[in-house]
Student: 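Below you'll find the structure I mean.
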Amino acid sequence: WSSDVCSSDLEVLLKAYRARPVEGEQLSAIVKLLAERAGLAHPPALYVIPSMTLNAFATGKPDHAAIAVTEGLVRRLTLREIAGVLAHEISHVTHKHTVNAIRKSKAVQLGANETLSNRAPLLDRLANKAYEIVLENNFNRDDELDADKTAGALTQKAGYAPGALGTFLTRLADRNKDQAEKNGLFA
């Protein structure tokens, strides 16, 4: 698993979402503190996505990662809630959930290349679906629960309310209970 592959995947994801580096010290300071408490040698780079949906994702490896949050998330959440979301995303980085999802999608693609070499359309659909898992942050439920649990402990270590992420997610679940379709990760 080369760092070049991870770096190029990181760049593709950030470009796909038109993410730009976060300007301002407040959010960067939160990421730096959470990364330090999580034991990361370098804090993930922080980006903002020009969208009013409520979404965030992390990508990369513990030594070279990025977190992207939407403008909507930054504008609508309290700092405590943002700290909880950022801790959740840092947890995905420290536990290598994104790296493992990319690795799994590439393994699916390689396996399909070997067994379905003359079935290009099917191969394309399989590869696209696997990569979509990463783009849409569709980690398996165990990864999400792991990140939630770690985020609570991490926010507490950093001096933030450990229940802020849970409060936010509960509030959103109540708001969205009658929506027919998902609109962003947290929407």
Side-chain angles (χ1 to χ4, degrees), residues 1-14 17 19-49 54-74 76-105 133-172 184-186:
W1 181 252
S2 76
S3 61
D4 292 341
V5 171
C6 192
S7 294
S8 66
D9 289 334
L10 179 92
E11 291 169 21
V12 167
L13 285 169
L14 294 173
Y17 283 105
R20 63 185 187 279
V22 165
E23 295 177 12
E25 296 181 20
Q26 199 167 30
L27 293 180
S28 297
I30 293 171
V31 169
K32 184 177 179 182
L33 178 61
L34 290 168
E36 182 182 290
R37 296 298 190 268
L40 294 176
H42 307 284
L46 186 60
Y47 294 84
V48 65
I49 298 168
L54 302 179
N55 208 340
F57 72 84
T59 187
K61 302 186 306 182
D63 62 343
H64 181 69
I67 295 174
V69 296
T70 60
E71 286 179 19
L73 189 128
V74 173
R76 293 183 193 149
L77 273 62
T78 66
L79 277 179
R80 290 176 354 152
E81 292 169 333
I82 292 170
V85 169
L86 292 171
H88 177 93
E89 298 305 329
I90 286 173
S91 298
H92 281 308
V93 170
T94 60
H95 294 275
K96 301 181 182 178
H97 295 155
T98 305
V99 171
N100 292 335
I102 292 171
R103 185 178 288 149
K104 186 176 180 179
S105 73
I133 290 169
V134 177
L135 282 174
E136 297 299 324
N137 238 0
N138 289 329
F139 296 115
N140 70 44
R141 194 69 203 132
D142 289 341
D143 286 351
E144 289 299 335
L145 292 173
D146 183 38
D148 288 345
K149 180 179 176 184
T150 304
L154 186 54
T155 52
Q156 188 169 20
K157 278 186 193 177
Y160 293 98
L165 176 63
T167 301
F168 165 64
L169 293 175
T170 300
R171 191 176 68 213
L172 281 175
L185 178 64
F186 293 118

Student: Would you call I82 and V69 a side-chain contact if the rule is heavy atoms closer than 4.5 Å?
Tutor: no

Student: Nearest 0.5 Å, please: how far is CD in E89 from OG1 in T59?
Tutor: 10.5 Å

Student: Is the distance between the ring centroids of Y17 and Y47 less than 6.0 Å?
Tutor: no

Student: For a quick test of reading the model, state the closest non-hydrogen atom pair linking A151 to S91 and the distance between them.
Tutor: N-OG, 3.5 Å

Student: Going by the side chain to side chain contact (heavy atoms under 4.5 Å, CB included) test, name the single residue among I90, V31, V93, L34 that passes it with P43.
Tutor: V31

Student: Looking at side-chain heavy atoms only, is the closest gap between V74 and V22 below 4.5 Å?
Tutor: no

Student: Of all heavy-atom pairs between S28 and L46, which one has the smallest distance, and what is that distance?
Tutor: N-CD2, 4.1 Å

Student: Within this structure, what is the CD-NZ distance for the pair E36 and K32, rounded to the nearest 0.5 Å?
Tutor: 7.5 Å

Student: Got a sec: does the CZ of R37 have more than 12 other heavy atoms crowding it under 6.0 Å?
Tutor: yes

Student: CG/L73 to CG/L86 distance, rounded to the nearest 0.5 angstrom?
Tutor: 8.0 Å

Student: Would you name the heavy atoms of T94 and A38 that are closest together and state the gap between them?
Tutor: CG2-CB, 3.9 Å

Student: Is any side-chain heavy atom of N55 closer than 4.5 Å to one of I49?
Tutor: no

Student: Locate the shortest heavy-atom distance separating G152 from P162; write the atom from each residue and the value.
Tutor: O-CB, 3.3 Å

Student: Quick one: side-chain hydrogen bond (donor to acceptor under 3.5 Å, both in side chains) pairs with a partner in residues 155-172, sequence neighbours left out?
Tutor: E81-R171

Student: A164 and R80: which non-hydrogen atoms are nearest, and at how many Å?
Tutor: CB-O, 3.4 Å

Student: Is E71 paired with R20 through a side-chain N to carboxylate O contact shorter than 4.0 Å?
Tutor: yes

Student: If I take atom CG from residue L165 and atom CG from residue L154, how far apart are they, to the nearest 0.5 angstrom?
Tutor: 11.0 Å

